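Read the structure below first, then the notes.
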Protein chains: 2
Amino acid sequence: MQMAELSRRSMVPVATIKYYQREGLLQPGTPTAATRAEYGEQHLRRLRLIRALVEIGEVPVAAIRHVLAMVDDESVSLHDMFGAVQYSLGPQPGRPSLDPDGQAARREVDELIDEMGWKVSPDAPARELLASALAALHRADAARGPSLRTYASAMAALAAREVPSVTSAADGKSRVELAESAVAAMVLHERVIVALRRLAQEDASAKFFAGRSAY
Amino acid sequence: MQMAELSRRSMVPVATIKYYQREGLLQPGTPTAATRAEYGEQHLRRLRLIRALVEIGEVPVAAIRHVLAMVDDESVSLHDMFGAVQYSLGPQPGRPSLDPDGQAARREVDELIDEMGWKVSPDAPARELLASALAALHRADAARGPSLRTYASAMAALAAREVPSVTSAADGKSRVELAESAVAAMVLHERVIVALRRLAQEDASAKFFAGRSAY
């Protein structure tokens, strides 16, 4: 296909596609004339993956280049590739806060990971992301919901089903295709979970407060 | 306390506190001299709530004003207040896409909400947030994870425990205090869930790929 069709099918403007090419995120097409090139399905797949990373994952362009390099490098294991993707996702945690609430929250995270028996790198940005949310909960004197372990167990149950199913659906796919589809699944399912949580909360609130005129 | 202490304890710079006051998010202190005012615990709580909404909830300032007005208005039910908060949270969904993937995704969302028996307003932004993620999954040819119903059931189980516990911990709290702590809990637990999901995924990936040299 030509550039115009690539733009139409990917729903990415031509100027944006050219920007991605200049930034090295998208490989050039096959030249067919001085100012024309032919693009294939691999360009379309790559563009859709880039859009998912940008729009849903809030990944900066420099980090996308790094992620895509790992997607393309057959010597990188899928586990390492997942790590690179996940560590590049927004929101990036801020600097660790040194006040007592911040320190207590980091201890709580370490203890939880121990208790759950989770194998997580000491560098994982999600540690600080969790600690900063816990510290903010404490500072805001927020109402206590279910225990942290309840949330952790629910997420562990989902992850244990998700990782194998996302990486094993290899029906004739090349490694690059498998990697692309697994990265897209990982990033997009995070948005799916947030949206479902909001819908479920609206329902739970409607049912809980129905008839409770005291509130 | 005076402004300097309010700033220190809330970890919000004085200039930012004054900005919130000009924008009507934070009530003025009690004047004690021409250029001095006294602030209380209610100012501290309010500032922490505003920070949670800004930093974690990505709520724009105009929407925070609307949320806080509902927190303060005793004639508004907690259910309506939760709705106002949730509908103001980022990321706001973009315009519904009119292509076949977008339309199919919206039908999938409607069907899921029906199947789950969820009571959700037709205006809930989370509907479109979910539909856009599902459409992107489809377009990116993303690997299929567990079914949408699996995710929805996990979120429903959490919400059913969370809504009652967050709103019932009323031990001597005023309605405003209860509302503030419930809003903070709602917003911050979303970040907790995202962070826990990433930690759980790193662990599941480490365990799944351990020894699988083929990947």
Side-chain angles (χ1 to χ4, degrees), chain A residues 45 48-49 52 56 77-79 82 86 118-120 124 126 129-130 133 136-137 139-146 151-152 154-156 158-166 169 181-182 184-185 188-209 215, chain B residues 45 48-49 52 56 77-79 82 86 118-120 124 126 129-130 133 136-137 139-146 151-152 154-156 158-166 169 181-182 184-185 188-209 215:
Chain A
R45 284 202 318 272
R48 286 172 171 160
L49 179 59
I56 316 267
S77 73
L78 284 188
H79 177 64
F82 279 132
Q86 200 207 83
W118 281 350
K119 205 176 156 188
V120 172
L129 210 58
L130 178 56
L137 275 165
R139 283 186 204 112
D141 191 20
R144 303 300 302 188
Y151 289 106
M155 293 302 117
L158 285 178
R161 297 180 64 163
E162 198 174 19
V163 169
S165 69
V166 153
S181 85
L188 293 167
H189 278 123
E190 191 166 292
R191 178 61 55 88
V192 166
I193 284 178
V194 166
L196 283 172
R197 173 178 144 78
R198 293 184 186 176
L199 295 171
Q201 254 187 344
E202 179 169 336
D203 171 66
S205 176
K207 286 176 183 156
F208 180 71
F209 288 117
Y215 286 90
Chain B
R45 284 202 319 272
R48 287 174 171 159
L49 179 58
I56 316 268
S77 73
L78 285 188
H79 177 64
F82 280 133
Q86 199 207 85
W118 281 350
K119 205 177 155 187
V120 172
L129 210 57
L130 177 57
L137 276 165
R139 284 188 204 110
D141 192 22
R144 304 300 301 186
Y151 290 105
M155 293 302 116
L158 285 177
R161 296 180 64 164
E162 198 173 17
V163 169
S165 70
V166 152
S181 85
L188 292 167
H189 278 123
E190 190 166 294
R191 177 63 54 86
V192 166
I193 283 178
V194 166
L196 283 172
R197 173 178 144 77
R198 293 185 186 175
L199 295 171
Q201 254 186 345
E202 178 168 337
D203 171 67
S205 176
K207 286 176 182 155
F208 180 71
F209 288 118
Y215 286 91

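Throughout, a chain's letter reflects where its sequence line sits, starting with A, and its residues are numbered from 1. Here the structure is a predicted model, which means the values were calculated and not measured.
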For chain A, find which of [options] contributes the most heavy-atom pairs closer than 4.5 angstrom.
options	answer
B/Leu188, B/Leu49, B/Val194, B/Leu129	B/Leu188
B/Gln201, B/Arg161, B/Glu162	B/Glu162
B/Arg48, B/Lys119, B/Glu202	B/Glu202

Return the minimal non-hydrogen interatomic distance between [X] and [Y], and the atom names on each side.
X	Y	result
B/Ser205	A/Val163	CA-CG1, 3.8 Å
A/Leu137	B/Val192	CD1-CG2, 4.0 Å
B/Arg191	A/Ala133	CG-CB, 3.7 Å

Query raised in the report: Do A/Leu196 and B/Trp118 come within less than 4.5 Å of each other through their side chains, counting heavy atoms only?
Result: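 Touching, per the 4.5 Å side-chain cut-off.
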**Report entry** chain B interface, residue from A/Ala126, A/Ala160, A/Ala184, A/Ala152 that has the most non-hydrogen pairs under 4.5 Å
**Finding:**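 The answer is A/Ala126.
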Report task. Go through A/Ala182, A/Ala136, A/Ala156, A/Ala52 and name the one with the most non-hydrogen pairs under 4.5 angstrom from chain B. Result ->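 Between A/Ala182, A/Ala136, A/Ala156, A/Ala52, the count favours A/Ala136.
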Report task. Mind checking side-chain contact (heavy atoms from CB on, under 4.5 Å) for A/Ala154 and listing every partner two or more places apart, or none if nothing turns up? Result ->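 With sequence neighbours excluded, A/Ala154 shows a side-chain contact (heavy atoms from CB on, under 4.5 Å) to B/Leu158, given in chain and number order.
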**Report entry** CD1-CD1 distance between A/Ile193 and B/Ile193, expressed to the nearest 0.5 angstrom
**Finding:**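 Those atoms lie 8.5 Å apart.
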Query raised in the report: Which bit of A/Arg45 is near chain B, if near means a heavy-atom gap under 4.5 Å: side chain, backbone, both or neither?
Result: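 For A/Arg45, no heavy atom lies under 4.5 Å from chain B.
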Query raised in the report: Of the backbone (N, CA, C, O) and the side chain (C-beta and beyond), which part of B/Arg197 lies under 4.5 Å from a heavy atom of chain A, both, or neither?
Result: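 Contact with chain A: backbone and side chain both.
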**Report entry** Results of ring pair (Phe, Tyr, Trp, His ring centres under 6.0 Å) for A/Tyr151 - residues two or more places apart only
**Finding:**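 B/His189.
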